[in-house]
Amino acid sequence: MDNNEIARLLSETADLMEIAGEDPFRIRSYRNAAAVIEAHPEPLESLAEQPGRSFTEIPGIGKGLAAALAEILARGSFERRDEMLEKYPPTVLPMLRLQGVGPKTLRALIEHFHISTMDDLERICAEQRLRTLPRMGAKLEEKILRSIQQFRQSAGRFTLDFASGVVQELQQYLGEAVPAGSFRRGKETVGDIDLLVTGAEPAAVLERFAAYPAVKEVLAKGENKASVRVGFEGIQVDLRVLPAESFGAALQYFTGSKEHNVSLRTRAAHRELTLNEYGLFRLGSGERVAGETEEGIYEALGLAWIPPELRENSGEIEAAAAGALPRLVERSDIRGDLHMHTRESDGRATLEEMAEAARELGYEYIAITDHSKSLAMANGLDEKRAVEFARRVREYNRRNGAVHVFAGLECDIKRDGSMDLSEDALAELDFVVGSVHSYMNIDPREMTDRLLRALESPSL
DNA sequence: GCCGTTTTCGGCCCGACTGTTTTCAGTCG
Ligand SMILES: Nc1nc2c(ncn2[C@H]2C[C@H](O)[C@@H](COP(=O)(O)OP(=O)(O)OP(=O)(O)O)O2)c(=O)[nH]1
Ligand SMILES: [Mg+2]
Ligand SMILES: [Mg+2]
């Protein structure tokens, strides 16, 4: 079983434990273990095979979880999971993802109506029977019905690129709004868009936000924050408004991650301080210690400022305390790009346009690596065209100095591991990338042999 | 469940919004 599957078992068990009303801190440990294992580079299967090693060497895994992990590897499940599955079928789990349905509500629904699927829940709400339960009414029935609709049509998470378009439009509309959350942390995908506004009259900003033309639904709107669904895709946008003097604390809070925040706030508490989105305060006197800037907050906690991309509670706080944070790669560090296409195969720009774009990005060099002939649908190059194109690249280099262009090729690796073009032709080029575009689903051993054989090509 | 700046036992983040709540639980950020 691979790490992702193991993590899923732990995470699902945590969800079931939450429905069962178990200790929240124990549940947190299971969730944390799932996250740690999902991010762990080494397969637990191979760790388990090595004598003298133990799962407890992974932070967040103690004796209890190590035993559960051993059990999972041995038989595909573990005791507490089986115990939970006796109480609740796994089909209840998707209902926990519904907005407005938490573990308490779900447990009450399961116990009173004996529901086991989202379809069951939909029926209960449509028949207006939810309101017969204490603390549940018509509003919740409607909210759940909307949530079910949303769940069925939503893509779940969105690419950073898509979110970035929505952010820009909202920034234009709102004037000043700073992106926070997973967007600021630069995650590949975001669950929603989190925007921060400081120093403005909250009521006015939230009013304007809710009136944004693309808003499809206002999920919540209070004195300090609001949440809406926007556009055809229905992406959620959360807007928080805070005073100007709280900018640093607000940005820190809203950037997260949640786990990073919890760690930071625990650290504050150990220092007789309390941290929230308004600032860092002394416990007791309430005296303000920091809050205008993020740097000020981290500094007052004995930490170097931590780049948002690292704020995942995976060791960055310890590194910041030790002054051992890594220097992150910046765009300005990128000197060139060795995988590019042009119209010669399936790209959209010419060699000249690509070189000019690279110059504008401040690159020193690029390699044009168009496809080879096997990729016929991309109009891949045969030997003759590849050599001719290389000649054009060199001609270009003679006439233009700013960016050096390497004459390259993205050469198909055939099923037997041989290269798509002859070695004679490849030898004429500066740079050859090997790619698998066919027979992707062959046996892993055969695939490995194929790649090893390809690596024997002197040009690759 | 885990973990150790006080700790091998006792903590484990803190605040906003909604609803049928009449004093706060549940959910969510
Ligand atoms: N202190 C604290 N902050 C939280 C909590 N939940 C969320 N936050 C903060 C940190 C999050 O990064 C930020 C935005 O919340 P989101 O739910 O949108 O999460 P985030 O953007 O990190 O991930 P996402 O891609 O939206 O799933 O709010 C919490 O339980 N406690
Ligand atoms: Mg978010
Ligand atoms: Mg959010």
Side-chain angles (χ1 to χ4, degrees), chain A residues 10 13-14 17-19 21-36 55-56 58-69 78-80 96-109 130-144 147 180-182 191-196 202 206 218-228 236-242 246 249-250 252-281 283 301-303 313 317-318 321-322:
Chain A
L10 292 173
T13 304
M17 287 164 68
E18 203 172 21
I19 297 167
E22 296 205 18
D23 175 23
F25 300 109
R26 179 173 296 186
I27 294 165
R28 179 192 288 179
S29 294
Y30 278 74
R31 293 230 166 91
N32 178 57
V36 165
F55 298 130
T56 57
I58 301 171
I61 309 295
K63 281 184 67 176
L65 277 160
L69 291 173
F78 61 107
E79 199 179 330
R80 188 172 285 275
L96 259 194
R97 308 270 93 83
L98 294 173
Q99 234 160 19
V101 179
K104 298 279 164 50
T105 304
L106 186 51
R107 179 179 186 174
L109 293 172
L130 198 79
R131 59 186 71 179
T132 59
L133 262 52
R135 304 190 64 90
M136 299 192 197
K139 291 268 178 68
L140 186 60
E141 284 171 352
E142 282 159 30
K143 185 182 176 76
I144 291 176
S147 296
S182 51
D192 68 359
I193 290 170
D194 303 290
L195 293 177
L196 172 67
L206 294 172
V218 177
L219 299 165
K221 180 165 166 288
E223 294 174 35
N224 305 290
K225 65 177 187 177
S227 295
V228 301
Q236 180 174 329
V237 184
D238 295 334
L239 178 71
R240 183 70 199 265
V241 188
L242 281 153
S246 294
Q252 192 292 309
Y253 150 70
F254 216 21
T255 297
S257 64
K258 174 188 171 183
E259 291 74 21
H260 177 88
N261 288 356
V262 170
S263 259
L264 220 54
R265 289 170 179 210
T266 303
R267 184 179 177 90
H270 285 306
R271 296 168 175 240
E272 307 269 291
L273 298 167
T274 180
L275 175 63
N276 57 32
E277 61 267 48
Y278 295 93
L280 180 67
F281 306 91
L283 277 179
L301 294 173
L303 301 171
N313 194 37
I317 293 178
E318 292 78 1

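Just so it is clear, the values below take in all heavy atoms, side chains as well, and ignore hydrogens, waters and symmetry mates. The sequence lines fix the lettering, A, B, ..., with proteins before strands; numbering per chain opens at 1.
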**Request:** Considering just the side-chain nitrogens and oxygens of Gln236(A), establish if one lies under 4.0 Å of OP1 or OP2 belonging to dG29(B).
**Result:** yes
**Partner nucleotide, any strand, of dT8(B) [Watson-Crick/G-U, under 3.5 Å]** = none
**Message:** Output the rounded distance in Å from NZ (Lys63(A)) to P (dC2(B)).
**Reply:** 10 Å
**Asked** Can you name the residues that form a side-chain hydrogen bond (donor to acceptor under 3.5 Å, both in side chains) with Lys221(A), not counting sequence neighbours?
**Response** Glu207(A)
**Request:** Quickly work out the Leu96(A) CG to dG26(B) C1' distance and round it to whole Å.
**Result:** 13 Å
**Message:** Between C1' on dG19(B) and CD on Glu141(A), what's the gap in Å once rounded to a whole number?
**Reply:** 13 Å
**Message:** Under 4.0 Å, heavy atoms only, any strand: does Arg131(A) hit a base, just the sugar-phosphate, or nothing?
**Reply:** nothing
**Request:** Starting at atom CG of Leu130(A), determine the distance to atom C1' of dT20(B), rounded to an integer number of angstrom.
**Result:** 14 Å
**Message:** Categorize Ile61(A) for me: base, sugar-phosphate, or nothing, with a 4.0 angstrom heavy-atom threshold over every strand shown.
**Reply:** sugar-phosphate
**Prompt:** Quick one: on DNA chain B, does Gly137(A) or Arg26(A) contact a more 5' nucleotide (nearest heavy atom)?
**Reply:** Arg26(A)
**Request:** Could you tell me whether the side chain of His260(A) reaches within less than 4.5 Å of the side chain of Gln252(A), counting heavy atoms only?
**Result:** yes
**Prompt:** Who are the salt bridge (charged side-chain N to carboxylate O under 4.0 Å, His left out) partners of Glu223(A), not counting sequence neighbours?
**Reply:** none
**Request:** Please identify each residue that fulfils side-chain hydrogen bond (donor to acceptor under 3.5 Å, both in side chains) with Arg31(A), with sequence neighbours left out.
**Result:** Asp15(A), Glu18(A)
**Message:** According to side-chain hydrogen bond (donor to acceptor under 3.5 Å, both in side chains), who are the partners of Glu277(A), at least two apart in sequence or on a separate chain?
**Reply:** Arg240(A)
**Complete:** Heavy-atom contacts, protein to nucleotides 7-15 of chain B, under 4.0 Å, summarised as B (base), S (sugar-phosphate only) or - (none) per nt, yield B----BBBB
**Prompt:** What distance, rounded to whole Å, do you find between the two C1' atoms, one in dT6(B) and one in dG11(B)?
**Reply:** 11 Å
**Pairwise P distance for dG29(B) and dT23(B), with rounding to whole Å** = 28 Å
**Item:** Minimum-distance nucleotide to Thr105(A) side chain [options: dA16(B), dG26(B), dG29(B)]
**Value:** dG26(B)
**Item:** Closest heavy-atom pair and its distance - Ser246(A), Tyr278(A)
**Value:** OG-O, 2.9 Å
**Message:** What is the separation between atom CZ on Arg135(A) and atom P on dG19(B), rounded to the nearest whole Å?
**Reply:** 12 Å
**Request:** Quick one: label Asp194(A) by what it contacts on the DNA or RNA (base, sugar-phosphate, nothing), any heavy atom closer than 4.0 Å.
**Result:** sugar-phosphate
**Request:** Select base, sugar-phosphate, or nothing to describe what Leu196(A) touches, counting heavy atoms under 4.0 Å on all strands.
**Result:** nothing
**Prompt:** If you check every side-chain atom of Ser29(A), which of dA16(B), dG1(B), dG29(B) has the closest atom?
**Reply:** dG1(B)
**Any residue meeting salt bridge (charged side-chain N to carboxylate O under 4.0 Å, His left out) with Arg80(A), in chain and number order, not counting sequence neighbours** = Glu22(A)
**Asked** dC12(B) and dT7(B): how far apart are their P atoms, nearest whole angstrom?
**Response** 15 Å
**Request:** For dC13(B) versus dC3(B), give the span between their P atoms, rounded off to a whole number of Å.
**Result:** 15 Å
**Asked** Given the C1' atoms of dG15(B) and dT20(B), what is the spacing between them in whole Å?
**Response** 23 Å
**Asked** Which is true for Pro103(A) with a 4.0 Å heavy-atom rule: it touches a base, it touches only sugar-phosphate, or it touches nothing?
**Response** sugar-phosphate
**Prompt:** Are any non-hydrogen side-chain atoms of Tyr253(A) and Asn276(A) less than 4.5 angstrom apart?
**Reply:** no
**Message:** Please report the distance separating the C1' of dG1(B) from the corresponding atom of dT8(B), rounded so that it comes out in whole Å.
**Reply:** 15 Å
**Asked** Lys139(A) has an atom NZ; how far is it from atom P of dA25(B), in whole Å?
**Response** 21 Å
**Request:** Nearest whole angstrom, please: distance from the C1' of dA16(B) to the CG of Leu239(A).
**Result:** 13 Å
**Prompt:** Given atom CD of Gln252(A) and atom P of dG29(B), what is their separation to the nearest angstrom?
**Reply:** 18 Å
**Asked** With sugar-phosphate meaning primed atoms plus P, OP1 and OP2, does Ser227(A) contact a base, only sugar-phosphate, or nothing at under 4.0 Å between heavy atoms?
**Response** nothing
**Asked** Roughly how far apart, to the nearest Å, are dT22(B) and dG26(B) at atom P?
**Response** 15 Å
**Message:** In the structure I gave you, are the side-chain heavy atoms of Leu109(A) and Leu130(A) within less than 4.5 Å of one another anywhere?
**Reply:** yes
